[in-house]
Asker: 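The structure that follows is given in the form of structure tokens.
First listed ligand is number 1; within each ligand, the first listed atom is number 1.
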Amino acid sequence: MKILLLGSGGREHALAWKLAQSPRTEKLYIAPGNGGTDNVAENVDLDVSDFDGIASFVINYEVDMVVVGPEVPLVEGIADYFKGHSLLKDVLFVGPSKAGAQLEGSKDFAKQFMLRHHIPTAAYQTFSAGELGAAERFLETLTPPYVLKADGLAAGKGVLISPTLEDARRDLHELLGGKFGEAGAKVVIEEFLHGIECSVFILTDGTHYKLLPEAKDYKRIGEGDTGPNTGGMGSVSPVPFATPEWMQRVEERIVRPTVEGLAAEGIDYRGFIFFGLMDCDGDPKVIEYNCRMGDPETETVMLRLQSDLVDLLEGVAKGDLDRRTLEVDPRGAACVMLVSGGYPDKYDKGFEIQIPEDIEGILFHAGTKHWRDQLQTSGGRVLAVSCYGKTLPEALASALKGAERISFEKKYFRRDIGRDVLGQRV
Ligand code: AMP
Ligand code: GLY
């Protein structure tokens, strides 16, 4: 098969790494890719939102399957574009329709969907700009901390957690006042859930689904989960508290009703679903849906997927996922993200990256580029070091060692990835 993968982050490098291992892959293209993806695929200079450009490429290069990494083109309707195009409708396509991508594209849609299908989530109400007074009165009925979410996509920055009522009021005014533009035209205000987070992923063809290995990501810049949110500082898989009993609850209460709910509403969903869950004293609740894989979770999940990803994705696109197998490597996997000093605020880029030949683990690039004969930093999140281990602590130790040995100016990484869950029952 000739495959085109859309995206340019560590998530896409990990997906490309896995796709490239399949005997079914004749040729793998990635658009636009980054300074590392060209080791496993051919980078193509196309923007993920340039549907016409992507269409021409798929036709001219006789691409058999398109896989979408990030959420933006999905929310913009790339799957519908392909379906409605006379020359593209038979191309195997992995990614939900625009209606399906609303699970991530509109927090209000996601909340209403969960309510309709009795899927456990935080209590909430939605308000628009004309309803500031009602929104303030609703805030007053809640206890701190307060959770406010811009309805639409806001590049991962649309969730504000406010410690006091006063902060929450100010955040509310900012959100409804246009801080996130169109994305903040509506605001979801919801109950704060106490607990520990876990990321659960499925592949679905709209009827059948298969669970991928679960993972936990670390979002804050500082050790001990302090400081501002980032695009992700590391991940581990498996998650010790996600026992078979807990995962069974997740499947029964959340995964199955979601897949059945989408089908019952006539929403065409062929792709990944990422369930951002909170374990509330043993009861899993949905914090958010995403219509794609997680980053940096993919950088550990792909290590633990033993089965052929091309075969699975073909099942997703064709609707016969039930006839495919998905096996999971029992080993642990850990990922440590190397970032540019200063990130997620201001940082410099263009520094040379030096990687020893005998580096441990698998490197997934996020913000790198080639310049002359150098590999250079080109973003805040630079490189993910992913490692296997017989146990999670062994995987973590290897990933940290790898992270230590790679050098570039102002390199920073967290040394405490996974530490919070290690003491828990496996
Ligand atoms: P999101 O951008 O939707 O991934 O949200 C960012 C983060 O905010 C989540 O990963 C959680 O850590 C936190 N969060 C979102 N909603 C809630 C909630 N209802 N209760 C507690 N934490 C939340
Ligand atoms: N790791 C969280 C996300 O990809 O949204």
Asker: I'd like to know if E223 and R419 make a salt bridge, using a cut-off of under 4.0 Å between side-chain N and carboxylate O.
Answerer: no

Asker: Looking only at distances, please establish whether an N/O atom of ligand 2 is found under 3.5 Å from an N/O atom of D295.
Answerer: yes

Asker: From atom 15 (C) of ligand 1, is the closest protein heavy-atom distance below 4.0 Å?
Answerer: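 Within 4.0 Å: yes, protein heavy atom nearby.
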
Asker: Any donor and acceptor pair, going by atom type alone, linking the side chain of D151 with main-chain N or O of K107 inside 3.5 Å?
Answerer: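 The answer is yes, because a donor-acceptor pair under 3.5 Å joins these two groups.
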
Asker: Under 3.5 Å, is there a donor-acceptor pair between the E76 and S49 side chains?
Answerer: yes

Asker: Which protein non-hydrogen atom lies closest to atom 2 (C) of ligand 2, naming both residue and atom, and how far is it?
Answerer: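 Of every protein heavy atom, D217 OD2, 3.4 Å lies nearest to atom 2 (C) of ligand 2.
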
Asker: Please determine if E131 and K186 form a salt bridge, counting it only when a charged side-chain N lies under 4.0 Å from a carboxylate O.
Answerer: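 No, E131 and K186 are not salt-bridged.
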
Asker: When you measure from the side chain of K210 to the backbone N and O of R324, does any donor-acceptor pair fall under 3.5 Å?
Answerer: yes

Asker: Which atoms from ligand 1 have a heavy atom of K219 less than 4.0 Å away?
Answerer: 10 (O)

Asker: My understanding is that we take every heavy atom of each candidate and find the minimum distance to atom 11 (C) of ligand 1. Doing that for M278, K149, E197, which one comes out nearest?
Answerer: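 That would be E197.
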
Asker: Out of curiosity, is E191 lining ligand 1, as in a heavy atom under 4.0 Å away?
Answerer: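 Contact present.
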
Asker: Could you check T230, D295, T368 and say which one makes a side-chain hydrogen bond (donor to acceptor under 3.5 Å, both in side chains) with R381?
Answerer: D295

Asker: Please name the pair of heavy atoms, one in T204 and one in T207, separated by the smallest distance, quoted to 0.1 Å.
Answerer: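 Smallest interatomic distance, heavy atoms only, reads OG1-N, 4.1 Å.
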
Asker: Just jot down the ligand 2 atoms closer than 4.0 angstrom to any heavy atom of G294, in number order.
Answerer: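 Those qualifying, in numeric order: 4 (O).
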
Asker: Can you list the ligand 1 atoms lying under 4.0 Å from a non-hydrogen atom of K107?
Answerer: 3 (O)

Asker: Heavy-atom contacts with F274 under 4.0 Å: which atoms of ligand 2 show up? List them by number with element.
Answerer: 2 (C), 3 (C), 4 (O), 5 (O)

Asker: With heavy atoms under 4.0 Å as the rule, classify the contact between E104 and ligand 2 as side chain, backbone, both or neither.
Answerer: neither

Asker: First locate atom CZ of R137, then atom CG of L132, and finally report the distance between them rounded to the nearest 0.5 Å.
Answerer: 10.0 Å

Asker: Quick test: of every protein heavy atom, which one is nearest to atom 19 (N) of ligand 1, and how far off is it to 0.1 Å?
Answerer: E190 OE2, 2.7 Å

Asker: Please classify the R11 to ligand 2 contact at 4.0 Å (heavy-atom distances, strictly less than): side chain, backbone, both or neither.
Answerer: neither

Asker: Looking at non-hydrogen atoms alone, which of M293, E288, R292 comes nearest to atom 5 (O) of ligand 2?
Answerer: R292

Asker: Of the choices L160, I161, L193, which has the non-hydrogen atom that lies closest to atom 23 (C) of ligand 1?
Answerer: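 Looking at heavy atoms only, I161 sits closest to atom 23 (C) of ligand 1.
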
Asker: Could you list which atoms of ligand 2 come closer than 4.0 Å to a heavy atom of E297?
Answerer: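 Within the 4.0 Å cut-off of E297, ligand 2 contributes 1 (N), 2 (C).
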
Asker: Between K111 and D108, does any NZ, NE, NH1 or NH2 come within less than 4.0 Å of an OD or OE carboxylate oxygen?
Answerer: no

Asker: Look at atom 4 (O) of ligand 1 and say which protein heavy atom is nearest, naming residue and atom and giving the distance to 0.1 Å.
Answerer: E288 OE2, 2.7 Å

Asker: More than 12 non-hydrogen atoms from neighbouring residues, nucleotides or ligands closer than 6.0 Å to NZ on K401, yes or no?
Answerer: no

Asker: For the salt bridge (Lys or Arg N to Asp or Glu O under 4.0 Å) test, which of K219, K216, R220 pairs with E197?
Answerer: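 Testing each of K219, K216, R220 against E197, the sole residue satisfying salt bridge (Lys or Arg N to Asp or Glu O under 4.0 Å) is K219.
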
Asker: What residue and atom, counting heavy atoms only, is the protein's closest point to atom 2 (O) of ligand 1, and at what distance?
Answerer: V159 CG2, 3.3 Å

